[in-house]
Amino acid sequence: RTGGGYGELTCQTCLVCLDALHQADRDREEARQRCGSAAAVLMMCRNKLDQVIEQAYTQHSFRPIMDLACKEEAALAAYERAKTQLAHAEERCSALRLALAYEKTLMMAGPLPRKRLN
């Protein structure tokens with residue numbers, strides 16, 4: 001197998017494995033959902049932090065802000081990781097779809113000359 005160990009291509013035929021393509025689509029969709037969830041958590045943390053900052057300003061007590069700032073920082077890190085995973089999943093899907101389109105083009109062009117076969 002080639003393609004980074006993901007099973008996208010088989011060595012003998014150099015064809016895209018449709019199971020790998022479908023799995024890549026599922027992985028991409030799961031990454032999108034994780035990214036959306038992480039964004040929602042981050043937004044909730046930021047909204048809560050904004051509320052606490054306003055309250056702390058009026059009460060002149062900033063102690064509760066530190067805990068929320070740490071939570072916001074962790075949520076931001078989780079969101080950044082989810083965005084990176086989504087980008088990798090989208091790249092993988094795009095590469096597999098491009099390879100599949102190339103294979104279809106080759107198949108439509110007709111059989112390969114015998115001397116090009118393994």
Peer 1: Between Leu76 and Arg46, what is the shortest heavy-atom contact and its length?
Peer 2: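 Smallest interatomic distance, heavy atoms only, reads CD1-NH2, 3.7 Å.
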Peer 1: Between Arg32 and Glu90, does any side-chain N to carboxylate O distance fall below 4.0 Å?
Peer 2: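 A salt bridge links Arg32 with Glu90.
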Peer 1: How many angstroms lie between atom CD of Glu103 and atom CG of Leu106, to the nearest 0.5 angstrom?
Peer 2: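 Reported value, rounded in 0.5 Å steps: 7.5 Å.
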Peer 1: Take Asp67 and Val52, measure what side-chain contact (heavy atoms from CB on, under 4.5 Å) needs, and give me the verdict at the end.
Peer 2: CA-CA 11 Å; Asp67 290 339; Val52 170; over 6 Å; no
Peer 1: Within this structure, what is the SG-CG distance for the pair Cys93 and Leu98, rounded to the nearest 0.5 Å?
Peer 2: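 Answer rounded to 0.5 Å: 12.5 Å.
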Peer 1: What closest approach, in Å, do Arg92 and Ala20 show between heavy atoms, and which atom pair accounts for it?
Peer 2: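 The pair with the smallest heavy-atom distance is NH2-O, 4.1 Å.
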Peer 1: Is there a side-chain contact between Glu29 and Gln33, using heavy atoms and a 4.5 Å cut-off?
Peer 2: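 SC-SC contact between Glu29 and Gln33 confirmed.
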Peer 1: If you take all heavy atoms of Ala31 and Leu86, which pair is closest and at what distance?
Peer 2: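 So the two residues come closest at CB-CA, 3.8 Å.
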Peer 1: With sequence neighbours left out, what residues match Ala78 under side chain to side chain contact (heavy atoms under 4.5 Å, CB included)?
Peer 2: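 In terms of side chain to side chain contact (heavy atoms under 4.5 Å, CB included), with neighbours along the sequence ignored, Ala78 is linked to Arg81.
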Peer 1: Going from CE on Met43 to OH on Tyr79, what distance comes out if it is rounded to the nearest 0.5 angstrom?
Peer 2: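 It comes to 9.0 Å.
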Peer 1: Is a donor from one side chain sitting under 3.5 angstrom from an acceptor on the other, for Gln23 and Asp27?
Peer 2: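 Yes, a side-chain donor-acceptor pair sits under 3.5 Å.
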Peer 1: Going by heavy atoms in the side chains, are Leu49 and Lys71 under 4.5 Å from each other?
Peer 2: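 No, their side chains stay 4.5 Å or more apart.
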Peer 1: For the CD atom of Gln55 and the CD1 atom of Ile65, what is their distance to the nearest 0.5 Å?
Peer 2: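 Separation between the atoms: 9.5 Å.
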Peer 1: Return the CG to OG1 distance between Leu100 and Thr105, rounded to the nearest 0.5 Å.
Peer 2: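 Reported to 0.5 Å precision, the distance equals 9.5 Å.
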Peer 1: Quick one: are Gln85 and Arg34 in side-chain contact, heavy atoms under 4.5 Å?
Peer 2: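 Sidechains of Arg34 and Gln85: in contact.
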Peer 1: To the nearest 0.5 angstrom, please state how far the CG atom of Leu68 sits from the CD atom of Glu73.
Peer 2: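 Nearest 0.5 Å value for the CG-CD distance: 13.0 Å.
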Peer 1: Verify salt bridge (charged side-chain N to carboxylate O under 4.0 Å, His left out) between Asp25 and Arg97, making sure each step is shown before the conclusion.
Peer 2: CA-CA 10 Å; Asp25 281 336; Arg97 290 193 185 287; 2.6 Å; yes
